[in-house]
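Presented below is the structure to which this report refers.
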Amino acid sequence: MHIDGYTDVSFEPVRAALAEVLAGQDGPGAAVACWSEGVWVADLWGGAADAAGRPWLRDTLVQPYSVTKPFAAMCALVLADRGRLELDAPVQRYWHEFTAPATVRQVLSHQAGVVVLDAPAQTETFYDWTGLCALLAAQQPNWEPGTAPGESALFYGHLAGEIVRRVDGRTPGRFIREEVCGPLGLDFHVGLTPAEQARTADLAGLDRLARASLDGPALYQRAMSNPPGVFDPAVVNGRAWRAAEVPAVNGHGTARAAAGLYVALAAGDLLSPGLLADATAAQCSGVDAVFGEPVSWGLGFGVDDGGYGMGGVGGSYAGFADGYAFCFLTAAMGDHDRATAVENAFRGCLGLPELDD
C-alpha cells in the first residue's frame, strides 16, 4: 500500500504500520501524525477518500466523531482562562433557561447527566442550533449532576457550546475558527464551508457502527438514536450535516491538525499551565453511565496516568502521552486496534513500552 507524506528516517516503522492498516481497510483511507521533542516526526496519509477512488491528500479532511469534543471544550476553557467564564458556576448563570442543576465544570467533565432527549426529534434537529439547545435546556438529567460520569455522546458540543455562545456571542464553530484553530494554523473545523466539503473524505462501514450501537447499554442506545442519523451515511456524508455545527461529533480535520491541538497545549499556546493541569486531571472516575465502561474524565479529555486525549467511535484517536502527541484518523469505521498498532510502532521508535489494546 502506497503511503504519502513525511517520516523521519528513525520513524519508518510508523509508515509500515500505517501501510498494514490501510491494506486491511481495503480502500478507505487514513492518516497519522506524530510529534516528539519539538518536531513532527511523521505526517502520513494514504488510501481513498471516497468510493470512486478519489485519493487521500495532504489536506483531506475526515470526521473523527468524538475526537471533536476536546475542540468544543477548548472554547469554554479559553474563555475561563480569560476570566470570562467561571468553571464552578452553575450553568444557569450564563444559560438562564437550562434546568439541570449542573455547573460548567460538570458539563465539561461529563457529569451533568444530560445525555438523552426524552422528546422524539428528527434528524433535521441537528441543523437547528437554537431548537436543539432549547430541548437540552428543558431536558431533565438522567442522574443528579456530579454523582456519576456519563459521556454526553451527541450533545456535549451543544452543552459546552451554548454556554460559550451566551458568554461570547459566537457559536463554537466560529470560536474554534477564530480563537483556537485559526491562530494556530490547524486545519480542523466544525461547520464546513463548500470549499472544505470538497476535500472531505466519505466515511465507510457505518453499518458496522449502527449494528454495534444496538448491542450497547440501553442508555447508550437511547443517547445515539435520538435525533437519528449519526450512523447513516446519507446523513453524515451529506452537505447539510457537514455544514452544521454538531461539536460533539462532527468536526472535520487532518491528523496533523488534531494532533496539533495537543502540541499547542504542550507548548502553552492555548491555556495557562494551571488551567491545563486542571483540565487534564481526573475530575471524576468510574463506570461511564452511558457507555458502561470504566473511565476518568478531565475537562473535555479522557485522562489516565499516561496522558490525555479522546477517541472517536469508528476508530480515530488523538492525544498526548509520555511527552509526545499522536493522532490516527480513518474513514473506515471499525475498532481502535488500528490506532493502537500505529501508536505502538511510534512508541517503539521512542523506546517506550507498548500500549495494551
Side-chain angles (χ1 to χ4, degrees), residues 66-91 93-95 98 102-112 114 145-146 149 151-152 155-186 188-191 245-249 251 253 257-284 295-304 307-312 318-321 325 327:
S66 288
V67 172
T68 308
K69 286 182 171 72
F71 287 88
M74 205 55 51
C75 302
L77 293 173
V78 166
L79 289 178
D81 227 7
R82 295 174 181 174
R84 300 183 60 194
L85 181 62
E86 185 179 334
L87 294 178
D88 292 310
V91 173
R93 177 185 296 181
Y94 309 104
W95 182 358
F98 193 74
T103 65
V104 176
R105 183 182 297 275
Q106 288 166 347
V107 164
L108 294 181
S109 57
H110 296 283
Q111 300 182 76
V114 181
E151 182 177 347
S152 188
F155 307 130
Y156 182 85
H158 283 78
L159 297 174
E162 182 64 3
I163 296 169
V164 168
R165 193 184 72 83
R166 295 296 178 106
V167 171
D168 180 78
R170 288 175 283 185
T171 64
R174 182 180 168 194
F175 195 98
I176 287 167
R177 286 183 185 273
E178 296 179 354
E179 301 288 351
V180 180
C181 292
L184 295 169
L186 302 181
F188 194 99
H189 317 277
V190 174
E245 294 188 24
V246 190
V249 290
L261 175 68
Y262 296 88
V263 173
L265 288 169
D269 293 336
L270 270 175
L271 300 179
S272 64
L275 185 53
L276 178 60
D278 191 11
T280 58
Q283 308 289 316
C284 60
V295 68
S296 291
W297 288 117
L299 301 176
F301 309 99
V303 301
D304 58 34
Y308 57 97
M310 194 70 189
F320 187 88
C327 178

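Just so it is clear, the structure is predicted and the values come from calculations on it, not from any experiment.
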Response to the item:
Nearest heavy-atom approach of A72 to I176 is N-CD1, 4.4 Å
Worksheet item: Considering only heavy atoms from C-beta outward, does the side chain of F98 approach that of L159 to under 4.5 Å?
Response: yes
Worksheet item: So, do R174 and V190 sit near enough that their side-chain heavy atoms are less than 4.5 Å apart?
Response: no
Worksheet entry | Non-hydrogen atoms of P149 and C284 that approach each other most closely | CB-SG, 3.7 Å
Worksheet item: Would you call D278-R105 a salt bridge at under 4.0 Å N-O?
Response: yes
Worksheet item: By ring pair (Phe, Tyr, Trp, His ring centres under 6.0 Å), which residues pair with F320, not counting sequence neighbours?
Response: Y308
Item to complete: Show your reasoning for whether side chain to side chain contact (heavy atoms under 4.5 Å, CB included) applies to T68 and Y156.
Response: CA-CA 10 Å; T68 308; Y156 182 85; over 6 Å; no
Discussion item. On a heavy-atom basis, which atom in V67 and which in A258 lie closest, and how many Å separate them?
Written reply: CG1-CB, 4.3 Å
Discussion item. Please find the pair of heavy atoms, one from L77 and one from A279, that lie closest to each other, and give the distance.
Written reply: CD1-CB, 4.0 Å
Item to complete: With sequence neighbours excluded, tell me which residues meet side chain to side chain donor-acceptor pair (under 3.5 Å) with S109.
Response: Q111
Discussion item. Minimum heavy-atom separation for M310 and S66, please, with both atom names.
Written reply: CG-O, 3.1 Å
Discussion item. With side chain to side chain contact (heavy atoms under 4.5 Å, CB included) as the criterion, how do L87 and L299 come out once you've worked through the C-alpha distance, each side chain's angles and the decisive distance to 0.1 Å?
Written reply: CA-CA 10 Å; L87 294 178; L299 301 176; 4.0 Å; yes
Worksheet, complete the sentence: Only one of R165, E245, R177, E162 passes side chain to side chain donor-acceptor pair (under 3.5 Å) with T171, and that residue is E245
Practice prompt. Given side chain to side chain contact (heavy atoms under 4.5 Å, CB included), test D168 with L85 step by step and report yes or no.
Written response: CA-CA 10 Å; D168 180 78; L85 181 62; over 6 Å; no
Let me have the donor-acceptor pairs involving side chains of residues 259-272, under 3.5 Å, with sequence neighbours excluded, atom names and distances please.
unit_1, atom_1, unit_2, atom_2, d
S272, OG, D81, OD1, 2.8
S272, OG, D81, OD2, 3.4
S272, OG, L275, N, 3.4

Worksheet item: So which heavy atom on P172 is nearest to which on C75, and how close?
Response: O-SG, 3.9 Å
Worksheet entry | Working for side chain to side chain contact (heavy atoms under 4.5 Å, CB included), residues M74 and F175 | CA-CA 9 Å; M74 205 55 51; F175 195 98; over 6 Å; no
Discussion item. Taking R82 first and then E179, would you say they form a salt bridge - that is, a charged N and a carboxylate O separated by under 4.0 Å?
Written reply: yes
